[in-house]
Amino acid sequence: VDLCVGLLPCNLELQGAGAALRVGAHGRISCDSKDRCGYVQVHGTQMACDEELTQPMLSASGTTLVVANSSVAGCNSRADGAFVYADKGTALSLSRSTFSDMRSEAAGSVLYVLDAVLAIEQSSFTRCHAAGFGGAIVSSSPDLQI
């Protein structure tokens, strides 16, 4: 899903007690400020992958991405950051969330963050591995809070 491909700005909020999101090989949610996407918020959602991903589950560029009270499990990716690829000043916040059994054939099995603000609070990363570097997280963030 590429958000904001029309004329109006847009945002996406996924909420729900026990809501579930399953992603296939080519599935992703992309939010880019150049396309007038403002933010993506994920609250109380269980996310998993049906098969190996060819790209990150969430992609953000110059926007805000918030993940809270959620879980992501069992995603394998050929790309950097199986769950999130964030760049160009994105504000990325993870709180009270769990990430388990994530793998990347490249770098950062959960997060790949370039030139973005990254804040992680009360979250856990279990059995997350990358063939390249970074294990669960790769970040060149000048503003990192864990």
Determine, stepwise, if the pair Thr126 / Asp101 fulfils side-chain contact (heavy atoms from CB on, under 4.5 Å). CA-CA 6 Å; Thr126 307; Asp101 301 308; over 6 Å; no
Check: [X] side chain, [Y] main-chain N or O, donor-acceptor pair, under 3.5 Å:
{"X": "Asp35", "Y": "Cys37", "result": "no"}
{"X": "Ser109", "Y": "Gly81", "result": "no"}
{"X": "Ser70", "Y": "Thr45", "result": "yes"}
{"X": "Asp80", "Y": "Ala107", "result": "yes"}

So, using side chain to side chain donor-acceptor pair (under 3.5 Å) as the criterion, who are the partners of Gln122 when residues are at least two apart?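 For Gln122 there are no side chain to side chain donor-acceptor pair (under 3.5 Å) partners, ignoring immediate neighbours.
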Do Val113 and Val72 share a hydrophobic cluster (ILVMFWY, side-chain heavy atoms under 4.5 Å, transitive)?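 Same cluster: Val113 reaches Val72 through Ile, Leu, Val, Met, Phe, Trp or Tyr contacts under 4.5 Å.
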Treating Ile, Leu, Val, Met, Phe, Trp and Tyr as nodes and any side-chain heavy-atom pair under 4.5 angstrom as an edge, say whether Ile137 and Leu65 lie in one connected cluster.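 Yes, it is one cluster - the side chains of Ile137 and Leu65 are joined through contacts under 4.5 Å.
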side-chain contact (heavy atoms from CB on, under 4.5 Å) between Val84 and Leu92, intermediate numbers included: CA-CA 9 Å; Val84 171; Leu92 172 58; 4.0 Å; yes
Given the rule in the side-chain contact (heavy atoms from CB on, under 4.5 Å) test, do Val66 and His43 qualify, once you have shown the distances and angles that lead to the verdict? CA-CA 8 Å; Val66 176; His43 297 277; 4.2 Å; yes
Under the side chain to side chain donor-acceptor pair (under 3.5 Å) rule, what pairs show up with a residue in residues 82-100, not counting sequence neighbours?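 Checked against side chain to side chain donor-acceptor pair (under 3.5 Å) - neighbours excluded - the pairs reaching residues 82-100 are Ser61-Asp87, Asn69-Arg96.
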Do the non-hydrogen side-chain atoms of Glu121 and Leu94 ever get within less than 4.5 Å of each other?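 The answer is no, as the side chains (C-beta and beyond) never meet within the 4.5 Å cut-off.
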Going by heavy atoms in the side chains, are Glu13 and Val40 under 4.5 Å from each other?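 A side-chain contact is absent here, since even the closest heavy-atom pair is not under 4.5 Å.
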Disulfide (SG to SG under 2.5 Å) contacts touching residues 93-124 (sequence neighbours left out):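 For residues 93-124: none.
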Under the ring pair (Phe, Tyr, Trp, His ring centres under 6.0 Å) test, which residues partner Phe99, sequence neighbours left out?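 Once residues adjacent in sequence are excluded, the partners of Phe99 under the ring pair (Phe, Tyr, Trp, His ring centres under 6.0 Å) criterion are Phe83, Phe125.
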So which heavy atom on [X] is nearest to which on [Y], and how close?
{"X": "Gly62", "Y": "Ser33", "value": "O-CB, 3.2 Å"}
{"X": "Ser140", "Y": "Leu114", "value": "OG-CA, 3.3 Å"}
{"X": "Gly74", "Y": "Cys49", "value": "O-CB, 4.1 Å"}
{"X": "Met57", "Y": "Cys75", "value": "CE-SG, 3.6 Å"}

Set of salt bridge (charged side-chain N to carboxylate O under 4.0 Å, His left out) partners for Asp115, sequence neighbours left out: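 So Asp115 forms no salt bridge (charged side-chain N to carboxylate O under 4.0 Å, His left out) with any residue.
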To the nearest 0.5 Å, what is the distance between [atom1] ([X]) and [atom2] ([Y])?
{"X": "Arg103", "Y": "Leu53", "atom1": "CZ", "atom2": "CG", "value": "14.0 Å"}
{"X": "Met102", "Y": "Asn76", "atom1": "CE", "atom2": "CG", "value": "8.0 Å"}
{"X": "Ser30", "Y": "Leu12", "atom1": "OG", "atom2": "CG", "value": "11.5 Å"}
{"X": "Leu111", "Y": "Ser104", "atom1": "CG", "atom2": "OG", "value": "11.5 Å"}

Report the C-alpha separation of Gln15 and Val42 in whole Å, then their side-chain angles, then the decisive distance to 0.1 Å, and conclude whether the side-chain contact (heavy atoms from CB on, under 4.5 Å) test is met. CA-CA 6 Å; Gln15 297 189 59; Val42 179; over 6 Å; no
Tell me, please, which residues at least two apart from Cys128 pass disulfide bond (SG atoms under 2.5 Å apart).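 With neighbours one apart ignored, the set is empty.
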